[in-house]
Amino acid sequence: MRNNVAVAVLCFISAIFILSSCNSVNPQEKAIESSNQHKQLVNASAENLETQGTADNSIRAVGMQKEGRLLVRPATKATVSPLGSPSCYGQETDLRWYGDYEAVWEADSEGTMILQQTDQVRPNETAQWTLSNEMEKRYEQFAEKKDEELLRKLSPLDVFKFYVKASEAGDYEVSYALFIKDPDYDIPSYQSYINDISNDKVTIERSRKMWTELKQTHELVEEIDEKSAVIWMTDGIGNPKEEKAFQLIQNREGIWKVAWMPLQYVN
């Protein structure tokens with residue numbers, strides 16, 4: 001029976017995957033004023049991913065066998081909304097579901113058993129967001145030494161991934177080391193930045209959740225214009241309300257660094 005259940009799990013996880021598919025960036029603000037705006041952008045992005053669409057906590061798939069049934073259901077909450085524009089996933093009026101799902105086996109005699117937790121049932125993050133083995137080693141070196149020479153010859157996309165990894169890990173010393181420090185760019189002092197961020201647990205948690213969810217739902221496009229670059233994050237179906245931009249700047253040494261207040265929520 002276990003073999004049958006395992007095959008059924010794979011089939012229904014595949015099924016749930018099927019069910020789910022240049023503006024200019026604002027100029028930099030003064031450091032003191034922009035800190036609160038940055039928090040608001042992070043919070044707004046996370047809230048938008050949570051609240052878009054209509055709540056729909058119904059079971060998404062059911063597989064029947066003589067020993068019981070296999071369910072794919074929301075683990076916490078889920079939403080449904082129109083695609084918004086035609087794509088390979090369907091017409092603009094077709095629906096998509098978004099949320100945390102789990103596969104559950106309900107046996108006739110043994111009760112309920114969760115076969116696979118939500119993070120495993122959700123689609124894997126795209127390879128675009130993943131650091132290569134070489135870049136993982138480079139990140140660890142940079143996290144230890146904070147030496148920007150380790151960033152030399154890295155692309156804007158590589159530096160962006162370093163920033164995301166540091167943000168998800170809550171390593172704001174690394175995040176700060178990635179910001180551009182040229183005299184023309186006004187950012188808070190290291191101590192001010194660390195004190196401010198460490199006292200704002202809500203923004204820290206929202207930031208982590210935002211990046212985790214963006215990695216599951218958004219594709220990346222790198223756009224370079226001489227000494228500035230933007231990493232565009234799109235939902236893959238052309239919905240402009242879901243488009244976000246992350247700004248990087250090449251410093252005087254020719255190394256790509258993260259702009260202060262880099263995340264722009266594009267409407």
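One is the number of the first residue; the rest follow in order along the sequence. Computed over heavy atoms, backbone and side chain alike; hydrogens, waters and symmetry mates excluded.
Of the listed residues (Leu178, Val159, Ile255), just one forms a side chain to side chain contact (heavy atoms under 4.5 Å, CB included) with Glu148, and that residue is Ile255.
The neighbour count for Lys181 NZ, taken as heavy atoms of other residues, nucleotides or ligands under 6.0 Å away, is above 12. The number of heavy atoms from other shown groups lying within 6.0 Å of CG (Asn133) does not exceed 12.
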ask   = side-chain contact (heavy atoms from CB on, under 4.5 Å) between Leu151 and Phe142: does it pass, once the steps are laid out?
value = CA-CA 8 Å; Leu151 304 178; Phe142 181 78; 3.8 Å; yes

Could you walk me through whether Asn195 and Ser192 pass side-chain hydrogen bond (donor to acceptor under 3.5 Å, both in side chains), step by step?
CA-CA 5 Å; Asn195 288 342; Ser192 175; over 6 Å; no

*asked:* One pair to check against side-chain contact (heavy atoms from CB on, under 4.5 Å): Ile180 and Asn251. What are the steps and the verdict?
replied: CA-CA 7 Å; Ile180 190 165; Asn251 69 9; 4.0 Å; yes

**Message:** One pair to check against side-chain contact (heavy atoms from CB on, under 4.5 Å): Phe246 and Val164. What are the steps and the verdict?
**Reply:** CA-CA 11 Å; Phe246 187 95; Val164 172; 5.9 Å; no

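Side-chain atoms of Asp182 come within 3.5 Å of backbone N or O of Arg252 as a donor-acceptor pair. One N or O on the side chain of Ser167 and one on the backbone of Tyr163 form a donor-acceptor pair closer than 3.5 Å.
The line from CG of Leu154 to NZ of Lys257 is 11.5 Å long, rounded to the nearest 0.5 Å. Atom-to-atom distance recorded for Gln128:CD and Met233:CE is 11.5 Å, nearest 0.5 angstrom. To the nearest 0.5 Å, the span separating CH2 on Trp260 from CZ on Phe179 amounts to 5.0 Å. The structure places CD of Glu213 at 14.5 Å from CZ of Arg208, a figure rounded to the nearest 0.5 Å. Atom CH2 of residue Trp211 and atom NE2 of residue His218 lie 10.5 Å apart, to the nearest 0.5 angstrom. Between Leu157 atom CG and Trp129 atom CH2 the span is 9.0 Å, to the nearest 0.5 Å.
Ser155 approaches Trp256 most closely through the heavy-atom pair C-CD1, 4.3 Å. Looking at every heavy atom in both residues, Pro156 comes nearest to Leu248 through O-CD2, 3.6 Å. Nearest heavy-atom pair, Val230 versus Ala245, reported as atom, atom and distance to 0.1 Å: CG1-CB, 3.7 Å. Residue Arg138 comes nearest to Leu150 through the heavy atom pair NH1-O, 2.7 Å, listed as atom of the first residue, atom of the second, then distance. Looking at every heavy atom in both residues, Ala259 comes nearest to Ile249 through CB-CD1, 3.9 Å.
Between Arg152 and Glu149 there is a salt bridge, since at least one side-chain N of the basic residue sits less than 4.0 Å from a carboxylate O of the acidic one. At a threshold of 4.0 Å, the pair Lys215-Glu168 counts as salt-bridged, since one of the basic side-chain nitrogens sits closer than that to a carboxylate oxygen.
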